[in-house]
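Take a look at the structure below.
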Amino acid sequence: KKPKAEAPAKTASQEVAALPPGTETDKKMETAPPAAGKNGGDGDADHKMGLRFYNGINVEKNYGKAAEFFLKAAAVGHPGAQYNLGIMNFLGQTGGQDFTNAAKWFEKAAAQGHTQAQYNLGFLYYEGKGVERDLKKAFDWISRAAEQGDPKAAKAAQLIDKAVER
């Protein structure tokens, strides 16, 4: 019997980026920010716009538009956007629940040190959702999140460690 692991960490709505100084918060934004390549190429502007659409911050909530902005940011390696795409696929907010794509996006963000992505990827390996079940990989990814101070990951790593022949 496998120990119970908790469901994925924070959703995109729980990972709200701070709005940049000078942002108008009293009316809806009518234009998009510059594309990722126009502000140094880090994808931050597109990620923030994706969060606005995901959460309905000064715009109408729209998962499709959120995903479009997250994809732009993810294309230039933004780990937060990659993580949010993983969450959207995991929750079925991109047209249907897709654990395989969730794992793909979580892995991209996790490889860059995104704590919640590391935990969530480990969870998918533990459950065998979207990836082949692999307790060693589950332990490795969840342990990385634990090493960054995630208490839920630390508890999960202890449980999985007991189940893994090491």
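Residues take their numbers from the sequence shown, with the count starting at 1.
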Non-neighbouring partners of Ala138 that pass side chain to side chain contact (heavy atoms under 4.5 Å, CB included), sequence neighbours left out: Tyr125, Tyr126, Ile160
Asn58 and Arg52: CA distance, side-chain angles, deciding distance, side chain to side chain contact (heavy atoms under 4.5 Å, CB included) verdict: CA-CA 7 Å; Asn58 301 320; Arg52 286 176 187 250; 3.8 Å; yes
Would you mind checking if Lys48 and Asp44 are paired as a salt bridge, meaning a charged N to carboxylate O distance below 4.0 Å? yes
Closest approach of Lys72 and Asp46, non-hydrogen atoms and distance? CB-OD2, 3.5 Å
Donor-acceptor check, side chain of Gln148 to backbone of Gly113, threshold 3.5 angstrom: yes or no? yes
Heavy atoms of Lys129 and Phe99 approach each other most closely as C-CB, 3.6 Å
Does atom NZ of Lys104 have more than 12 heavy-atom neighbours, drawn from other residues, nucleotides or ligands, at distances under 6.0 Å? yes
When every non-hydrogen atom of Ala145 is compared with those of Ala153, the smallest separation belongs to CB-CB, 3.6 Å
Spell out, as yes or no, whether a donor-acceptor pair under 3.5 Å connects the side chain of Gln82 to the backbone of Trp105. no
Rounded to the nearest 0.5 Å, the NE2 atom of His114 sits from the CG atom of Asn120 at a distance of 9.0 Å
Cation-pi geometry met for Lys136 and Phe139 (6.0 Å, 45°): no
Rounding to 0.5 Å, atoms OG1 (Thr94) and CD1 (Ile87) come to a distance of 11.5 Å
Give the minimum heavy-atom separation between Ala110 and Trp141, together with the two atoms involved. CB-CZ3, 3.4 Å
Examine distances only and state if a side-chain atom of Asn84 and a backbone atom of Gly80 form a donor-acceptor pair shorter than 3.5 Å. yes
Minimum-distance pair of heavy atoms, taken over all atoms of Ile142 and Ala157: CG2-N, 3.7 Å
Residue of the set Lys65, Met88, Lys61, Met49 for which side chain to side chain contact (heavy atoms under 4.5 Å, CB included) holds with Tyr54: Met88
Using the ring centroid of each side chain, check whether His47 and Phe69 are separated by less than 6.0 Å. no
With Ala102 via side chain to side chain contact (heavy atoms under 4.5 Å, CB included) - residues at least two apart: Asn89, Phe90, Phe106, Leu124
Kindly write out the residues that satisfy side chain to side chain contact (heavy atoms under 4.5 Å, CB included) with Glu68, not counting sequence neighbours, or none if the list is empty. none
Quick one, Leu71 and Leu85 - any side-chain contact, counting heavy atoms below 4.5 Å? yes
Which pair of non-hydrogen atoms, one from Gly50 and one from Ala66, has the smallest distance, and what is that distance? O-CB, 3.4 Å
Report yes or no: does Asn55 contribute a side-chain atom to a donor-acceptor pair with the main-chain N or O of Ile57 at less than 3.5 Å? no
